[in-house]
Student: 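This is the structure, below, for whatever I ask next.
Protein chains get the first letters and strands the later ones, always in sequence-line order, with residue 1 at the start of each. What you see below is based on every heavy atom in this structure, not just the backbone, and it leaves out hydrogens, waters and symmetry mates.
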Amino acid sequence: MYITRFKNTGECKATLKQFTLNKEERLKSRKLMDELFVSGKTLTVFPFRLVWIETKLLVDYPAQMAVSVSKRNFKHAVDRNRLKRLMREAYRKNKPGVYDTAKQLNKQYALMLIYTGRKMVDYAEVESKIIITLKKFTERCNETPA
RNA sequence: UAUGCAGGCCGUUCUAUCGCUUCAUCGCAAGGUGGGGAGGAAAGUCCGGACAACACAGGGUGCCGUACCACCUAACGGGUGGGCAGGUGGCGGGUAACUUCCACCUGACAGAUAGUGCCGCAGAGAACUAUACCGCCAUGCGCCCAUGUAUGGGUGCGAGGUAAGGGUGAAAACGCGGGGUAAGAGCCCACGGAUGUACCAGCAAUGUUGCAUCGGGUAAACCUUACGGGUUGAAAAGCCAAAUAGGUUGCAAUUGGUUACGUGUAACCAGGGGGGCGGCCCGCUCUUCAUUUGCAAUGGGUAGGCAGAUACAGGUUACAGGCGACUGUAAUCGCAGAUAAAUGAUAGAAUCCGCGCUUGCGUGGAACAGAACCCGGCUUACAGGCCUGCAUUUUUA
RNA sequence: CGGGACGUAGCGUAGCCUGGUAUCGCGCCAGCAUGGGGUGCUGGAGGUCGGAGGUUCAAAUCCUCUCGUCCCGA
């Protein structure tokens with residue numbers, strides 16, 4: 001849906017670059033993640049939980065994200081990989097809102113998406129719930145500018 | 001053609017758009033272009049190797065593992081071929097039990113005749129050749145009966161022989177038939193079985209035949225024999241190395257505490273080492289240290305990076321050797337390399353399967369399952385499909 | 001990635017090494033005692049010993065494979 005909208009505006013080539021998710025946009029630092037779990041803020045939209053923290057990143061992007069699926073809830077590696085891929089895909093397509101908010105506030109964030117459900121779901125449901133989650137996240141960021 | 005058994009192979013495909021990762025290339029850069037991107041089990045982690053670090057004269061013992069024989073292999077607990085045992089099926093033979101032959105499957109398949117242990121309950125007895133329960137057979141003594149008058153029968157007590165029969169049990173001291181005997185017993189014989197041994201055949205396991213012997217089971221109980229194993233695993237081992245803290249060294253500055261006030265000065269008190277005066281102690285005096293700060297150097301080393309780590313017991317094809325596992329030669333190919341961890345999402349079409357209506361539409365679904373140092377096996381999971389061999393049945397030629 | 005332990009009645013456990021009978025406590029059911037309940041006493045039921053295969057006359061126990069749970073190392 002985003003694709004068609006931006007195509008209509010006429011600035012196709014430049015705006016399409018928004019929907020990327022390369023190495024530098026993924027959270028990879030073990031130290032940051034430890035900090036995230038110790039002092040991060042949480043927000044839950046079933047079946048997801050978003051943990052975030054405002055911090056200084058070593059890259060230019062306004063946010064880095066990671067995904068996680070518990071081995072306890074999904075025994076097979078195939079299922080865990082599939083859920084993580086779906087979550088990454090949904091974030092990739094819906095992250096411009098997050099980036100805009102972060103740029104306006106001149107902040108950088110580390111995010112982690114955790115799947116807390118116990119059942120497999122399809123992509124449509126994952127994307128709809130991720131949109132809600134990210135919308136709530138941006139609202140919370142605007143509420144607490146300090 | 002169908003069924004069964006055995007073996008092998010495949011295990012969704014294509015297009016478009018948006019993404020991820022890696023390599024090459026172009027570019028000052030932003031980025032562009034092109035190529036590669038999960039499996040037969042990637043799984044379980046049950047074995048074996050490669051590689052690495054540490055240890056190591058040699059021998060014995062212990063511990064762990066393996067176990068018919070030969071071969072293959074880098075190696076193996078894997079594989080191939082053979083032997084033996086058991087099972088299934090088939091054509092025959094036979095009244096039947098059973099069985100020649102053929103095919104397939106299964107086998108932790110060394111040793112119980114080296115030793116120790118165990119074998120509940122039942123049973124007389126559960127292991128060095130048996131404490132005889134019922135029974136069978138003689139026999140001593142007593143009593144009773146019969147008569148042909150020295151024997152027979154019955155019965156009680158005693159002392160023997162006997163493993164044929166009954167009974168117990170999962171299992172009873174080779175099986176079975178005959179001879180033999182008082183009754184019996186491999187005591188003897190025929191057939192069969194087991195063990196040892198000799199000759200022959202075979203590389204060997206083993207087999208044929210002869211001779212000797214007849215000793216229950218259990219080694220997935222201890223054990224014996226033979227062979228093998230040094231230990232630890234990519235979190236091994238190595239290289240580069242930011243920031244911060246701390247270590248060491250050098251240089252410079254700074255003694256510490258208490259009291260007073262104007263908060264950096266003054267006064268008072270006090271420790272260790274060294275030097276000087278002095279023969280020595282005390283004492284006097286000088287200096288330094290402990291402490292803190294700054295700068296510089298340095299080694300260890302964290303985050304992170306490099307590398308280990310993807311071209312090798314490699315794949316494919318052809319030829320040759322071998323019954324086969326496999327090996328040799330030649331040609332050809334380059335076939336994932338992530339690291340909080342890529343290989344995905346959406347739309348459309350095809351293929352297959354299920355359901356509904358009904359003969360082409362609708363709808364749902366696409367087995368098991370995701371590389372993490374690599375390789376060779378084993379084991380386990382798996383929708384559906386294809387191929388080969390063997391056996392049987394039916395039909396056709 | 002590597003290493004280790006455990007699955008037994010509704011719950012918690014013993015038995016496994018050294019193979020033949022599955023133990024104990026709580027809970028459950030019935031009876032007695034009480035006007036009734038609790039407490040107490042007596043009796044009883046309830047077990048594929050996680051699953052499959054093997055060794056053995058005989059397996060919860062021994063061996064192999066497998067499923068699940070938990071723990072440890074980094």
Student: Measure CG/A/N22 against C1'/B/C18 and give the value in whole Å, please.
Tutor: 15 Å
Student: For the C1' atoms, the ones on B/C20 and on B/A336, what distance do you get once it is rounded to whole angstrom?
Tutor: 14 Å
Student: Under 3.5 Å, is there a donor-acceptor pair linking the side chains of A/E127 and A/Y91?
Tutor: no
Student: Syn or anti for B/G40, please, going by whether the chi angle lies within 90° of 0.
Tutor: syn
Student: Which base sits across from B/U208 as a Watson-Crick or G-U pair, both distances under 3.5 Å?
Tutor: none
Student: Regarding B/G19, can its base be found pairing with the side chain of A/E89 as donor and acceptor, where the two atoms are less than 3.5 Å apart?
Tutor: no
Student: According to the Watson-Crick and G-U wobble definitions, with both distances under 3.5 Å, which nucleotide is paired to B/G216?
Tutor: B/C119
Student: Restricting to non-hydrogen atoms, name the atom on A/V121 and the atom on A/V126 that form the minimum distance, rounded to 0.1 Å.
Tutor: CG2-CG2, 3.5 Å
Student: I want to verify the glycosidic state of C/G68; is it syn or anti under the 90° rule?
Tutor: anti
Student: Give, for atom CZ of A/R82 and atom CZ of A/R85, the distance between the pair rounded to the nearest 0.5 Å.
Tutor: 9.0 Å
Student: Phosphate oxygens OP1/OP2 of B/U346: is one of them under 4.0 Å from a side-chain N or O of A/K93?
Tutor: no
Student: Return the value, rounded to whole Å, for the distance between atom NE2 of A/H76 and atom P of B/A371.
Tutor: 12 Å
Student: List the steps and the verdict of side chain to side chain contact (heavy atoms under 4.5 Å, CB included) for A/R88 and A/R26.
Tutor: CA-CA 10 Å; A/R88 269 200 299 270; A/R26 297 201 295 263; 4.1 Å; yes
Student: Can you check the distance between B/G4 and B/C104, where both ends of the measurement are the C1' atom (answer in whole Å)?
Tutor: 11 Å
Student: Quick one: classify the glycosidic conformation of B/A290 as syn or anti, with syn meaning within 90° of 0.
Tutor: anti
Student: I'd like the C1' distance from B/G158 over to B/A138, given in whole Å.
Tutor: 15 Å
Student: Scan every strand shown for a Watson-Crick or G-U wobble partner of B/U317, both distances under 3.5 Å, and answer none if you come up empty.
Tutor: B/A330
Student: Report the distance from atom CD of A/E24 to atom C1' of B/A30, rounded to the nearest whole Å.
Tutor: 13 Å
Student: Given that both distances must come in under 3.5 Å, which nucleotide forms a Watson-Crick or G-U wobble pair with B/G125?
Tutor: none
Student: Nearest 0.5 Å, please: how far is CG in A/L50 from OG1 in A/T42?
Tutor: 8.5 Å
Student: So what's C/C24 paired with, Watson-Crick or G-U wobble, going by both distances under 3.5 Å?
Tutor: C/G12
Student: Look at the aromatic rings of A/Y109 and A/F137 and report parallel, tilted or perpendicular, splitting at 30° and 60°.
Tutor: perpendicular
Student: Does any nucleotide pair with C/A60 by Watson-Crick or G-U wobble geometry, both distances under 3.5 Å, and what is it?
Tutor: none
Student: Consider only side-chain heavy atoms of I, L, V, M, F, W and Y, link residues closer than 4.5 Å, and tell whether A/F46 and A/L43 are in one cluster.
Tutor: no
Student: State whether the side chain of A/R80 and the backbone N or O of A/F74 hold a donor-acceptor pair below 3.5 Å, judged by distance alone.
Tutor: yes
Student: Which atoms of nucleotides 339-343 of chain B (N or O only) lie under 3.5 Å from a protein N or O atom, and what are those distances?
Tutor:
unit_1	atom_1	unit_2	atom_2	d
B/U339	OP1	A/K23	NZ	3.1
B/U339	OP1	A/K28	NZ	3.3
B/U339	OP2	A/K23	NZ	3.1
B/A340	O2'	A/L27	O	2.7
B/A341	OP2	A/R88	NH1	3.4
B/A342	OP1	A/R88	NH2	3.3
B/U343	OP2	A/R85	NE	2.7

Student: Identify, between A/D79 and A/E25, the residue whose nearest nucleotide on RNA chain B lies closer to the 5' end.
Tutor: A/E25
Student: Taking the P atom in each of B/G180 and B/C188, what is the distance between them to the nearest angstrom?
Tutor: 16 Å
Student: Would you mind pulling out the nucleotide paired to C/G68, Watson-Crick or G-U wobble, both distances under 3.5 Å?
Tutor: C/C6
Student: Measure the distance from CZ on A/R80 to P on B/G344 and round it to the nearest whole Å.
Tutor: 17 Å
Student: If the C1' atom of B/C335 is compared with that of B/A369, how far apart are they to the nearest Å?
Tutor: 22 Å
Student: Roughly how many Å apart are B/G77 and B/C47, using the P atom of each and rounding to a whole number?
Tutor: 13 Å
Student: Could you tell me how far apart A/R92 (CZ) and B/G19 (P) are, to the nearest whole angstrom?
Tutor: 6 Å
Student: Quickly work out the A/L21 CG to B/G19 C1' distance and round it to whole Å.
Tutor: 9 Å
Student: We want to know whether A/T55 and A/Q108 form a side-chain donor-acceptor pair, criterion being a heavy-atom distance below 3.5 angstrom.
Tutor: no
Student: I'd like to know if A/K136 pairs up with A/E139 as an ion pair, taking the criterion as any Lys NZ or Arg NE/NH1/NH2 lying under 4.0 Å from an Asp or Glu carboxylate oxygen.
Tutor: no
Student: Going by the glycosidic torsion and a 90 degree boundary from 0, is the base of B/U149 oriented syn or anti?
Tutor: syn
Student: Counting only Watson-Crick pairs (N1-N3 plus N6-O4 or O6-N4) and G-U wobbles (N1-O2, O6-N3), all under 3.5 Å, who is the partner of B/C51?
Tutor: B/G233
Student: Nearest-Å distance, OH (A/Y61) to C1' (B/A30)?
Tutor: 11 Å
Student: Just the rounded figure in Å: distance from C1' of B/G19 to CG of A/L86.
Tutor: 13 Å
Student: Taking the chi torsion of B/A170, is it syn (within 90° of 0) or anti (everything else)?
Tutor: anti
Student: Suppose you measure atom P in B/A126 against the same atom in B/G120; what distance do you get, rounded to whole Å?
Tutor: 9 Å
Student: Measuring from the side chain of A/V78 (C-beta onward, heavy atoms only), which nucleotide among B/A369, B/G19, B/A345 has the closest atom?
Tutor: B/A369
Student: Using the C1' atom as the point on both nucleotides, what is the distance between B/G36 and B/U310, in whole Å?
Tutor: 14 Å
